[in-house]
There are 2 protein chains.
Amino acid sequence: MAATINDVARVAGVSISTVSYALSGKRPIGEKTRQRIESAILELQYQPNAGARALAGRRTYILAVTEPLRPDTYTPAHMAFVLAAATAARAYDYDVLLLTQDEATGGLHRVTSSRLVDGVIVLDVLAEDERAELVRSLDVPAALVGIPADTDGLVCVDLDFEAAARLAVDRLADGGHRVVGLLGHPPSVYARGSNFPLRFREAFVTHAAERDLEVRLGAPERTIAGVREAVAEILGPDRDLTGLVMHCEDTIQMRTLDVLCAAGLRVPQDVSVISAASTFDTSTFAPPLDVIPLIPAESCSRAVELTIAQITGTVEPRVELIPPTYVDRGSTAPRRP
Amino acid sequence: MAATINDVARVAGVSISTVSYALSGKRPIGEKTRQRIESAILELQYQPNAGARALAGRRTYILAVTEPLRPDTYTPAHMAFVLAAATAARAYDYDVLLLTQDEATGGLHRVTSSRLVDGVIVLDVLAEDERAELVRSLDVPAALVGIPADTDGLVCVDLDFEAAARLAVDRLADGGHRVVGLLGHPPSVYARGSNFPLRFREAFVTHAAERDLEVRLGAPERTIAGVREAVAEILGPDRDLTGLVMHCEDTIQMRTLDVLCAAGLRVPQDVSVISAASTFDTSTFAPPLDVIPLIPAESCSRAVELTIAQITGTVEPRVELIPPTYVDRGSTAPRRP
DNA sequence: GACCGTCGTCGAAGCGCTTCGACGACACTG
DNA sequence: CAGTGTCGTCGAAGCGCTTCGACGACGGTC
C-alpha cells in the first residue's frame with residue numbers, strides 16, 4: 001500500500017497536522033521538524049491521496065477542458081488549444097479532464113456538480129453556445145476562450161479578431177492595394193456560427209470599406225478543386241486583386257500558394273499575402289508568409305489564470321481581448337503602379 | 001451547497017447506508033424505499049461527491065491517457081486516438097485525464113501514486129518507451145496501444161501491422177505487380193523508433209521478398225518538394241513501378257495523388273495504390289483509395305476494456321493484435337501486360 | 001514581574017462516502 | 001414449531017486529509 005500522512009507523521013515523530021501544515025505552508029514549522037518531515041516523505045515516497053485531499057480540502061486541483069471537436073472542425077488547430085490549456089494548467093499544479101464531443105456539454109454538469117473539477121475551460125465557443133448558458137447557470141469558476149453572443153456574467157478571453165482584421169487591412173491599404181481578398185473557412189464553418197471566423201470577416205469587410213478598398217470574399221471547400229475555384233473567383237477575371245488575406249486552415253493556405261504559383265503570380269511582387277490568426281507555423285511555407293499569429297498558449301494561459309483566480313477568490317465578469325501582432329516575413333510589398 | 005447523501009437519506013426517510021446501497025445496487029432494496037430514494041435524488045439534484053467516493057470506495061473512475069504528442073508527430077492521427085479513448089472510457093462511466101508532452105511521462109507517476117486515476121491508457125508507444133517501464137514498475141492497471149520492444153508483464157493492443165503489410169503486398173502480388181513501392185513517414189519518424197511504421201515497413205519488405213517482388217522505399221518529407229522527389233525516385237527512371245502502398249499522413253497521400261496525376265499516371269490503370277493503416281477517410285480522395293483502415297475506436301475501446309478489467313479483477317499480460325481488413329474502392333487493378 | 005503576542009505543535013472534529021456486521025421480519029424446511 | 005435462510009434496513013467504523021482551537025514556550029513591553 002501507498003504511504004499515508006500517518007506513516008509520515010510516525011516516521012518523523014510528529015503529529016499528522018504538523019505534516020499537513022509543513023506540506024501546505026499554512027502555519028510556520030520549525031526548521032528541524034521540517035527537515036525530519038521532508039526526509040520521511042522522501043523515504044516513504046509519500047504522495048498525498050487525491051481523494052482525501054479533495055474531500056477535506058474542497059479542492060481537486062483538476063480543471064475540465066471542454067472542446068466539442070465537432071465533425072467539421074479542424075482538429076490540429078483545436079487540439080493546439082487543448083494542449084495549451086493542459087500545459088498552462090500544469091503550471092498552476094492543476095490537471096486537466098478532457099470533455100469532448102457529446103460529453104463537452106453533458107459532462108460539464110456531471111463533473112461540476114460532483115465536484116470532480118474545480119473549474120472549467122471552455123474552448124471553441126460558438127456565438128450561441130449551450131456551454132455558455134450552462135456555465136452561467138452552474139455558477140462554476142470558468143473561462144471561455146472565445147466570445148459568445150451573450151457574455152453577461154462570463155469571463156471570456158480571446159485574440160482581438162476585429163483588431164487583427166483591421167491590422168491586415170491596414171497593412172494592405174498602406175501598401176497602396178485597392179482590391180483585396182479574404183480567403184476564409186469552408187461555408188459550413190460560417191453556417192455553424194463559430195464565432196471567430198464571423199468576427200474576423202465582419203471586421204475585415206467593415207474596415208476595408210473604411211479604407212476605401214474593394215473586397216472579395218472566398219470560402220473554399222477543403223479540396224484542391226475547391227481552393228482553385230475560390231482563388232480564381234477572388235482574383236477576378238482581370239486578375240486585378242493584389243492583396244490577399246487568408247484566415248483558414250494550413251492545408252488551404254498551402255494549396256492557395258500552390259495555386260497562385262501555378263497561375264504565374266509571384267508573392268509578393270504580384271500579390272501580397274497575409275496569413276491571419278493562424279495557429280501554425282507559416283515560416284516554412286513557400287514562400288514564408290507574413291502572419292498575425294493566434295497563439296493558443298497566450299489565450300489559454302490567461303484563461304487558466306482567470307479560472308484559478310475565481311477558484312481562490314473572486315473575479316469580475318469580463319471580456320479580455322488580446323491585441324494582435326504583425327510578423328513580417330516579406331510576403332507583402334507595396335502595390336506596383 | 002450541493003446536496004449530500006445525508007440530505008437524500010433525510011428526505012427519503014432512510015439511513016445513508018440504504019441510499020448508498022440503492023445507488024450501488026450491492027444489496028437488495030425494497031421497491032417502495034427505492035422509489036422514495038429516487039425521488040429524493042431527483043428533488044435534490046443529488047450528485048455523489050467525487051472526492052468522498054474516491055476516498056471511501058478506492059475508485060476515482062478516472063483513467064489517465066498519456067499521449068506525448070512529440071514535436072514531429074502528426075497531431076490529427078494521434079488526437080483521433082485520444083478522442084477514441086475518451087469516448088470508450090465514458091462508455092464505462094470513466095472520465096479521462098489528459099497527460100501530454102512532458103507530463104506524459106512525469107505526470108504518470110504523480111497521478112497513479114496519488115491515486116488520482118484508477119488506470120492508464122498509453123498511446124503512441126515507442127519501441128523503447130519510458131512509459132512502458134514506468135507502467136511495469138508502478139504496477140498500475142494499464143493498457144498500451146502499440147507494442148514496445150519488451151512487452152513483458154504488459155497488456156498491449158494494436159492493429160496487426162505485419163498482417164496489414166502482408167495484406168497489401170498480397171493484393172498487389174496477386175494482381176500480377178512485380179515492382180512495388182512503399183511511401184512511408186518522414187525519416188525522423190523512423191529515427192525516433194516509433195514502433196508501428198517500423199513494424200509495417202519490415203513486414204512489407206519481408207513479405208514482398210517472399211512474394212518475389214522488387215521493393216522500393218520512400219520516406220518523404222512533408223513538403224511538396226519532398227513528396228515530388230520521393231515519388232520520382234520510387235517510380236524509377238523507367239517508371240516501371242506499378243504498385244504503390246502509402247503508409248503516411250493524409251497530406252502526403254493527397255499530394256502523392258496530385259504528383260501522380262501531374263506525371264500523367266492514372267490510378268489504377270497505370271499504378272495501383274493502397275492506403276495502409278490510415279486513420280482518416282480515403283473515400284473523399286481523388287480518386288478514392290483502397291484502404292486497410294486503422295480504426296482508433298477499435299484499439300482504444302479494447303484498451304479501455306482491458307484496463308478496467310484489471311481494475312476490477314485480474315488480467316494476464318498479453319499482446320492483442322487486431323486483424324486488418326481490406327476495403328476495396330477501385331484504386332487497384334491487375335497489372336497490364 | 002505581570003501581560004501580551006508570536007511561534008511551533010498537537011488533538012480532534014469533520015469532509016461525504018462505502019461497507020461490514022447486526023438484526024428484525026418473514027418464508028421456508030423437515 | 002424450532003431451525004435456517006434470505007431480504008431489507010440501520011448504525012458505526014473507517015478512508016486520508018485539512019483546519020480550528022488550544023496550549024506551552026518564548027521574547028518583548030510597560
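A note on names: the letters A, B, ... follow the listed sequences, proteins ahead of strands, and every chain is numbered from 1. We use all heavy atoms of the structure for the numbers below, so side chains are in, but hydrogens, waters and symmetry mates are not. Owing to the predicted nature of the structure, the values given are computational and were not obtained by experimental measurement.
Less than 4.0 Å separates DNA chain D from at least one heavy atom of each of the following residues of residues 50-62 of chain B: B:L55, B:A56, B:R58. Against DNA chain C, the stretch residues 22-45 of chain B makes heavy-atom approaches under 4.0 Å through B:K26, B:R27.
Among the atoms of the strands shown, only primed sugar atoms or phosphate atoms (P, OP1, OP2) are found under 4.0 Å from some heavy atom of B:T4. Within 4.0 Å of A:S20, counting heavy atoms only, lies at least one base atom of the nucleic acid.
Interface limits on DNA chain D: the 5'-most and 3'-most nucleotides within less than 4.0 Å of chain A heavy atoms are D:dG16 to D:dA22.
Residues satisfying the salt bridge (Lys or Arg N to Asp or Glu O under 4.0 Å) test with A:E305, not counting sequence neighbours, are A:R302. Legend: residues meeting side-chain hydrogen bond (donor to acceptor under 3.5 Å, both in side chains) with B:S114, ordered by chain and number and at least two apart, are absent. Scored by the side-chain hydrogen bond (donor to acceptor under 3.5 Å, both in side chains) test, B:T66 finds B:R131 as partners (sequence neighbours excluded). Shown here are the side-chain hydrogen bond (donor to acceptor under 3.5 Å, both in side chains) partners of A:R34, two or more places apart in sequence or in another chain: there are none. Contacts of B:A80 classified as side chain to side chain contact (heavy atoms under 4.5 Å, CB included), with partners at least two apart in sequence or in another chain: B:P296. Under the side-chain hydrogen bond (donor to acceptor under 3.5 Å, both in side chains) criterion, B:D118 pairs with B:T60, B:Y94, sequence neighbours left out.
Heavy-atom distances to DNA chain D give each of A:A3 and B:I16 a nearest nucleotide, and the one nearer the 5′ end belongs to B:I16. Each of B:Y21 and A:Q47 has a nearest nucleotide on DNA chain D; the 5'-most of these lies closest to B:Y21.
Sorted by first and then second residue, the salt bridge (Lys or Arg N to Asp or Glu O under 4.0 Å) pairs with a member in residues 40-52 of chain B form an empty list; sequence neighbours excluded. Each salt bridge (Lys or Arg N to Asp or Glu O under 4.0 Å) pair with one or both residues in residues 1-11 of chain A, not counting sequence neighbours, appears once here: A:D7-A:R10.
Between A:L63 and A:I311 the shortest side-chain heavy-atom distance falls below 4.5 Å.
No more than 12 heavy atoms of other residues, nucleotides or ligands sit less than 6.0 Å from atom CZ of A:R115.
Between its two ends, the helix from C:dG1-D:dC30 to C:dG30-D:dC1 turns its axis by 40°, counting five pairs per end and rounding to 10 degrees.
A donor and an acceptor atom, one from each side chain of A:T18 and A:S15, are located under 3.5 Å apart. Judged purely by distance below 3.5 Å, without hydrogens or angles, the side chains of A:S113 and B:Q45 never pair a donor atom with an acceptor atom.
Checked by atom type and distance alone, the side chain of A:Q310 pairs as donor or acceptor with a backbone atom of A:A142 at under 3.5 Å.
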